[in-house]
Every structure is written in structure tokens, then in C-alpha cells.
Amino acid sequence: MKRFASVIWLITIVGIIHHSYAQGCCTAGSSTFGGLERGISKEGTLNLGLGFINTSLNATYYGREKISDPLNRISNVSSFNAEIEYGLAAGVSVLIVGNFSIKNRETTVRSSIDNSKEELNFEGKGVGDLIITGKYEIITPTILSSLGLTIGGGVKLPVGSYTQEVAGSRLAIDLQPGTGSTDVLLWANFYKGFQPLNFALILNSLYRYAGSNLDGYRFGDELIMTFGGEYYIEDYLILSSSLRFRFANKDFWGGRFLPSTGGAYVDFTPGLVYTEKLYNLKAFIQLPVYRNVQGIQLTTSVVVGAELLFKFNLIKENR
């Protein structure tokens, strides 16, 4: 009954979060949600994950100052993620992440003729780019030492469309499902457990070196670093908390760096994880802490999400 109550509590939190905020629109960039936040998948273990992320952008900044948006913009996205990770050998696994997104933007314009207001809505949706990453465990946690270190690298392949149009006009690049570019990814994960305290320290980093698409548009390189911890309330219930730092360079197109792109962003992400032998259920919310952007930018105001991860030990099942 205690475990059943915990699951109901977790599902209720996800429901409350989902209905309390508008859906959100992500700026272009590599998410560290799911397998890109976890360590390696053990040899012979197959992980299958399904995730949902809801992001809202209704906060506009000029540098570090929050201002009223001059274009009266509100953006949002719903993103459905699917991932598969398999442990090929001792200390080696491969992760594949795909997604389907629905991005919306609403802008209010005023007529120069009669001063009336009109709302313009734009939407882009479809399959996004595909991430393939290999992981290698340098330090394996043991009974004597709960220290772990895993590094990895991979690519983001331009599977998603970046040329969708509405009424004959191409949508803005940040409303497209894909970027049209092949990017190189470098990744690392550090873990340190403190068993007497029922606590674990987790550090995660992801660097994305962006390529250019066929239009010559290049998103700025970015570095995402997450510093977090997990506290084991029960064997099956974990309270997580982290600070997420994102540093992005300016986008480049037409022979110049584009204004109102790039900056530094810090977010706070608390969450809950319910874990069983065969699956984990995670729910989280991400809130802004600090913004220092180039020019005037519409930024993330809140992110909510949930992930269901199934774990299968194929070696054990075949014996």
C-alpha cells in the first residue's frame, strides 16, 4: 500500500504540473533529458525510455533584465522522446534518442490603419533530429568505492525537417522540427555515492559542436553542465535536485553572427523518481534562476516533464 500510494502521488504531481502551465517552446539546442543524464547501461542490459517534455517561453530578457516583449510573443512546445540504450560489453553502451515535437508561437500585432490588434499563430511539428552516442565507463562503482566516471561522444543527425512552410512562407528556424545540420557531441557523467547519508552526487556535461545546414545557417556551439544530487527517501523513492547551466554562442548566417542569439542560462530542477526492478518513473519541473542573454530574447519560463524507463537484463533472461 505504501508503494502504491507513492506511485499515485507521483502521477498526481505530473497531472497538476501539466494543467498548471501552458505548453512551452524550446529554443534550438541539445537536451540532456533521459539517457544523456544517466551513466552507462550495463553489459547485456536493454533500456527503453519514453519521455514527455512541456516547455513554456513567456519571459523576455534584455541582457540580465526582464522586460516586456516588444513583439508580444508567447512560444511553446510539446516534445515526445523515445530512446533505446544497450550495453554492448563491459563498460560500453550505445544510446539512440529520437523525438517528435509540436512547436507554436503566438504574436500580437497592431494594425497601422485602425490600430486594432491581431493575433498571428505559427506552428511547426514533426520528427526531430536523431542522437546517437557511445558511452565508455572509465571508473566503475564497487562495494568498496561508490565512485563512477563515464565519458562518451556521438553525433546529432539531421533527420528532422528544417524547411517547413505555412502559406508559402518558411517557418523560422527555431520553429522547425530539425536543424538541418550534423553536430558533434561530447559527453561525461560523474557519480559519487554517500551510502550512510542515502545520498548521491551527480555531475553531467554535454558539449555540442554545431555544423551548418544547406542554407548556411549554423547554431552556436553550446555547453550544458548539470550539478545535482539524489536523496533516497525509500529504496523505491528518490528525491532529485540539480542546477543546470547552459552556455550558448551566437548563431551564424549570411556571413555574420546574428543578434539576439546566445547567452548564459541557469535553471533549478527538482524531481521525484519512483523505481522498481524493471522500470523507473520520473517527474520533474525546471525553473529559471539566472539569465544573461545577447540582445533581446524570449526565454524559457518553465519546463515540466516525465519519463518512463524500462530495464531488461537480456543476458539473465537467456540463461
Side-chain angles (χ1 to χ4, degrees), residues 25-37 53 55 57 61-64 75 77 79 81 95-99 101 103 128-136 150-163 172-190 203-227 242-267 269 286 288-300 303:
C25 178
C26 294
T27 55
S30 303
S31 171
T32 55
F33 182 77
L36 291 174
E37 285 189 336
I53 302 178
T55 309
L57 284 84
Y61 279 80
Y62 177 56
R64 290 180 292 180
S75 296
V77 74
S79 182
N81 299 331
L95 169 70
I96 301 175
V97 182
N99 74 87
S101 65
K103 300 182 179 182
D129 293 342
L130 187 70
I131 292 176
I132 302 177
T133 304
K135 299 179 180 180
Y136 176 69
T150 306
I151 61 173
V155 293
K156 181 186 71 63
L157 300 176
V159 174
S161 172
Y162 69 101
T163 59
I173 188 65
D174 60 332
L175 288 177
Q176 301 286 349
T179 65
S181 65
T182 299
D183 303 345
V184 177
L185 306 176
L186 298 176
W187 172 88
N189 179 273
F190 172 85
L203 307 180
N204 197 87
S205 67
L206 176 69
Y207 180 77
R208 180 178 63 90
Y209 178 80
S212 299
N213 60 29
L214 294 179
D215 291 334
Y217 194 101
R218 183 180 186 276
F219 285 98
D221 298 345
E222 68 175 352
L223 173 65
I224 298 174
M225 302 182 68
T226 303
F227 301 86
S242 65
L243 281 177
R244 182 177 185 268
F245 298 80
R246 175 175 176 256
F247 306 95
N249 292 332
K250 288 185 175 182
D251 297 355
F252 185 86
W253 183 66
R256 65 188 182 95
F257 289 100
L258 300 183
S260 297
T261 59
Y265 315 80
V266 182
D267 298 277
T269 308
Q286 181 176 296
V289 174
Y290 173 81
R291 300 285 187 264
N292 187 3
V293 303
Q294 302 290 330
I296 297 176
Q297 293 187 33
L298 183 66
T299 67
T300 302
V303 179

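Sequential numbering from 1 along the given sequence is applied to the chain's residues.
- A search for side chain to side chain contact (heavy atoms under 4.5 Å, CB included) contacts involving T182 returns L157, P158, not counting sequence neighbours.
- Within the 4.5 Å cutoff, the side chain of V97 has heavy atoms near those of the L95 side chain.
- For the side-chain contact (heavy atoms from CB on, under 4.5 Å) criterion with W187, the lone passing option out of K135, R208, E37 is K135.
- Between the R291 side chain and the T300 main chain, a donor and an acceptor come within less than 3.5 Å of each other.
- I173 and Y162 make their closest contact through CD1-CB, 4.2 Å (heavy atoms, listed as atom of the first residue, atom of the second, distance).
- Within 6.0 Å of atom OH in Y136, 12 or fewer heavy atoms from other residues, nucleotides or ligands are found, so the atom counts as exposed in its surroundings.
- For the atom pair OH of Y209 and CD of E222, the computed distance is 14.5 Å after rounding to the nearest 0.5 Å.
- Checked against side-chain hydrogen bond (donor to acceptor under 3.5 Å, both in side chains), S181 has the following partners two or more places apart in sequence or in another chain: T179, D183.
- Separation of the F219 and Y217 ring centroids falls under the 6.0 Å cut-off.
- Note that CD of Q297 and CG of N292 are 10.0 Å apart. Values are rounded to the nearest 0.5 Å.
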Please set out all donor-acceptor pairs under 3.5 angstrom arising from side-chain atoms of residues 255-263, sequence neighbours excluded.
{"residue": "S260", "atom": "OG", "partner": "I296", "partner atom": "N", "Å": "3.3"}
{"residue": "S260", "atom": "OG", "partner": "I296", "partner atom": "O", "Å": "3.1"}
{"residue": "T261", "atom": "OG1", "partner": "D251", "partner atom": "N", "Å": "3.1"}
{"residue": "T261", "atom": "OG1", "partner": "L258", "partner atom": "O", "Å": "2.7"}

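- Within the structure, salt bridge (charged side-chain N to carboxylate O under 4.0 Å, His left out) pairs that include any residue of residues 209-218 comprise R170-D215, R218-D221 (at least two apart or interchain).
- Q286 is linked by a side chain to side chain contact (heavy atoms under 4.5 Å, CB included) to R244, D267, T269, V303, counting only residues two or more places apart in sequence or in another chain.
- For F245, the ring-ring contact (aromatic ring centres under 6.0 Å, His included) test picks out F227, with sequence neighbours left out.
- Counting all heavy atoms, side chain and backbone alike, N99 lies closest to D129 at ND2-O, 3.6 Å.
- Around the CZ atom of F190, the shell of radius 6.0 Å holds more than 12 heavy atoms that belong to other residues, nucleotides or ligands.
- Formation of a donor-acceptor pair under 3.5 Å by the K103 side chain with backbone atoms of Q176 is found in this model.
- In this structure, the separation between CG on N204 and CG on N189 is 5.0 Å, given to the nearest 0.5 Å.
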